Amino acid sequence: MTSIDVTENSYLLPEKTNYHSTLTNSLSSTISEDSVTNYCVVNDNNNNLSTVEKREVFFTFHFVKISEIDTKAQQFKADVLIYARWYEPELNGKEYLKDKAFTGSLWNPQLRVYNLESKLQDDIYYNIEVNQSGVPYVHYTRHLYGVFYEKMELWEFPFDVQDLSITVSSDLRDDEVILREDPETLCSVSSEGFQDIQSWCLYDHVEVVRAFPDPLENLNFHSPIISATSRVSRNPVFYIWNNYFIMMCLLCLSLCIFAIDRTEVKYRISTQLTLLLTTVASKLSTAGQLPLIPYFTLLDVYICSVLLYQIMLLFFVSAISTGYFTELDAIYFNDKISFVGCLTVLFLFHVIYITYCYCKTYRRRRQMFDKEYEYTGKKMVRRVKKRLSKVLSKIDLHNTPVYHRSC
């Protein structure tokens, strides 16, 4: 394979200017995106129609290191290698000379990372390679280490699965360039470089998704977007011990008010109020660990249910002291019956809550299992293809003797 390195300091590809024109929808709708070479029709400033070649750019992403996944700030730090390649027709039949003017005339997709918030290291390299079929490609390599934004979906917190995405877009129009996953190479994530192993569990698969513009949006400019997503599942042990276990202890302590004499209602109320304020403080502490979200997480459902139970129990204790239930006290409001009733309510609540959490999180975990199985199958197919190609490359078909069967 012929290769010429074009580094950032010497032979950079230039930025191509955008077309300040509108797309003729009636003509460009007949163009297929599946072909290798596509064309779109644009209208320049002089209202002259012209055809522009629609290029395909193939991407491969490799997550070298993932660290500092911040749920509250909705961001993560990662070290990523982004590989891209595209066919360059101007290199056909030409000598690959290290000429600055020659490389300066090449086409550039003008790539940028969409969700990058701050970068600590950013190195970009270009080189020209020719495959076995003699087709020239421009290879783009970007080593990026920085902080990336990721919108956290916390409906199932703390049993949630989060996406960690690297989104790449182009400054060109979506009718000038197509961003695709490279069919020849497989995206990957390094488990050795994952540093939040105590709080998260890293999945092996990497999913690449293309974003398409909304047909209902009447916009003259759509940027093509491609996103590589690695996924992690949260380790809930910390929250089970520091949130769920404490809430269960407060629930059990709320049953201790039945040990206080019924005539001492003020002590029952003060004890229950103390437990209620403790639960509120725990809820505020938990809310400080999450971003400002307009919905309940699974942990919020549990804590708010505990709050509601303690408030209802406080109303019940207060109602006894009013004196309206004196005649029915021996039947309906006996402490033994109330204690058994509260204990039954707590047991049924936990059974329902555990069943609800399992059913809600099972579908997501099942999807991750299917994606892991599919990704493992792709890796096995790639390994088999590599081994077959190595075996076939060692066989010289031209020098292989041919044996003829004698009559």
Side-chain angles (χ1 to χ4, degrees), residues 3 5-9 12-13 57-86 108-127 129 138-153 160-171 179-182 184-211 224-235 291 368 371-372 375-376 378-379 382:
S3 176
D5 293 332
V6 185
T7 59
E8 190 178 22
N9 297 327
L12 287 179
L13 301 181
V57 181
F58 301 96
F59 283 88
T60 302
F61 298 86
H62 178 62
F63 292 84
V64 180
K65 183 175 67 174
I66 299 176
S67 62
E68 300 182 18
I69 303 175
D70 193 342
T71 302
K72 184 176 182 180
Q74 301 190 88
Q75 62 185 16
F76 66 97
K77 186 181 292 185
D79 188 359
V80 188
L81 287 174
I82 303 174
Y83 301 99
R85 64 182 180 93
W86 58 87
N108 195 323
Q110 303 181 21
L111 303 175
R112 60 187 179 93
V113 180
Y114 191 77
N115 61 331
L116 178 64
E117 290 193 343
S118 62
K119 55 184 178 181
L120 305 177
Q121 179 183 356
D122 191 6
D123 301 325
I124 303 177
Y125 307 94
Y126 294 89
N127 69 297
E129 294 185 2
V138 176
H139 286 250
Y140 165 96
T141 302
R142 184 170 186 177
H143 184 195
L144 181 60
Y145 179 51
V147 179
F148 302 88
Y149 172 78
E150 180 64 44
K151 181 181 178 181
M152 299 289 181
E153 298 294 340
D160 53 331
V161 177
Q162 295 296 336
D163 296 345
L164 304 179
S165 302
I166 304 296
T167 304
V168 178
S169 64
S170 174
D171 291 337
L179 308 184
R180 297 183 185 273
E181 181 183 5
D182 197 333
E184 297 183 0
T185 56
L186 194 63
C187 300
S188 61
V189 56
S190 176
S191 58
E192 292 79 6
F194 185 66
Q195 298 183 353
D196 285 348
I197 192 171
Q198 293 185 349
S199 302
W200 301 85
C201 178
L202 179 66
Y203 290 99
D204 293 332
H205 71 273
V206 177
E207 185 177 11
V208 180
V209 179
R210 295 172 57 196
I225 296 176
I226 189 170
S227 178
T229 303
S230 177
R231 293 184 172 89
V232 292
S233 60
R234 193 187 304 272
N235 187 357
M368 296 300 103
K371 291 182 182 296
E372 287 287 284
Y375 183 80
T376 304
K378 289 182 179 179
K379 290 176 64 176
R382 296 296 174 91

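Along the sequence shown, the residues carry numbers beginning at 1. Note that the coordinates shown come from a computational prediction; the quantities given were computed from them, not determined experimentally.
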Tell me whether [X] contacts the main-chain N or O of [Y] through its side chain, where contact means a donor paired with an acceptor under 3.5 Å.
X: Thr60; Y: Cys187; answer: no
X: Glu372; Y: Asp204; answer: yes
X: Asp196; Y: Ser199; answer: no
X: Gln74; Y: Met152; answer: yes
X: Asp79; Y: Val64; answer: no

Check your understanding: How far apart are the C-alpha atoms of Ile82 and Val113, what are their side-chain angles, what is the distance that settles it, and do they pass the side chain to side chain contact (heavy atoms under 4.5 Å, CB included) test?
Key -> CA-CA 10 Å; Ile82 303 174; Val113 180; 4.1 Å; yes
Practice item. In sequence, state the C-alpha distance, the side-chain angles, and the governing distance for Glu207 and Arg231, and then conclude on salt bridge (charged side-chain N to carboxylate O under 4.0 Å, His left out). Key: CA-CA 9 Å; Glu207 185 177 11; Arg231 293 184 172 89; 2.7 Å; yes
Roughly how far apart are [X] [atom1] and [Y] [atom2], rounded to 0.5 Å?
X: Phe194; Y: Ile69; atom1: CZ; atom2: CD1; result: 4.5 Å
X: His205; Y: Thr229; atom1: NE2; atom2: OG1; result: 8.5 Å
X: Tyr203; Y: Ser233; atom1: OH; atom2: OG; result: 4.0 Å
X: Phe76; Y: Ser165; atom1: CZ; atom2: OG; result: 6.5 Å
X: Asp163; Y: Glu153; atom1: CG; atom2: CD; result: 8.5 Å
X: Leu202; Y: Gln195; atom1: CG; atom2: CD; result: 12.0 Å

Check your understanding: When you check the side-chain N and O atoms of Asp160 and Gln162, is any donor under 3.5 Å from an acceptor?
Key -> yes
Practice item. Ignoring hydrogens and angles, state whether a donor on the side chain of Arg234 or Thr71 is under 3.5 Å from an acceptor on the partner side chain. Key: yes
Check your understanding: If you draw a 6.0 Å radius around OH in Tyr149, do more than 12 non-hydrogen atoms from other residues or ligands fall strictly inside?
Key -> yes
Practice item. Taking atom CD of Gln198 as the centre, report whether more than 12 heavy atoms of other residues, nucleotides or ligands fall under 6.0 Å from it. Key: no
For a quick test of reading the model, state the closest non-hydrogen atom pair linking [X] to [Y] and the distance between them.
X: Leu111; Y: Arg142; result: O-NH1, 4.3 Å
X: Asp70; Y: Lys72; result: OD1-N, 3.2 Å
X: Leu179; Y: Pro224; result: CD1-O, 3.5 Å
X: Val161; Y: Met368; result: CG1-SD, 3.9 Å
X: Val147; Y: Leu116; result: O-CD1, 3.6 Å
X: Ser169; Y: Tyr114; result: OG-CD1, 3.9 Å

Is [Y] close to [X] at the side-chain level, that is, under 4.5 Å between some pair of heavy atoms?
X: Ile225; Y: Thr167; answer: yes
X: His143; Y: Asp122; answer: no
X: Ile66; Y: Ser230; answer: yes
X: Phe63; Y: Ser190; answer: no
X: Phe148; Y: Ile166; answer: yes
X: Val208; Y: Ile226; answer: yes
X: Leu164; Y: Val232; answer: yes

Review point. So Lys379 and Leu186, side chain to side chain contact (heavy atoms under 4.5 Å, CB included) or not? Walk me through it.
Key: CA-CA 8 Å; Lys379 290 176 64 176; Leu186 194 63; 3.5 Å; yes
Point to revise | Glu129 bridged to Arg85 by N-O distance under 4.0 Å | key: no
Review point. Which word best sums up how the rings of Phe59 and Phe61 line up, parallel for under 30°, tilted for 30 to 60°, or perpendicular for over 60°?
Key: parallel
Review point. Any idea how Tyr140 and Tyr126 line up, ring-wise: parallel (<30°), tilted (30 to 60°), or perpendicular (>60°)?
Key: perpendicular
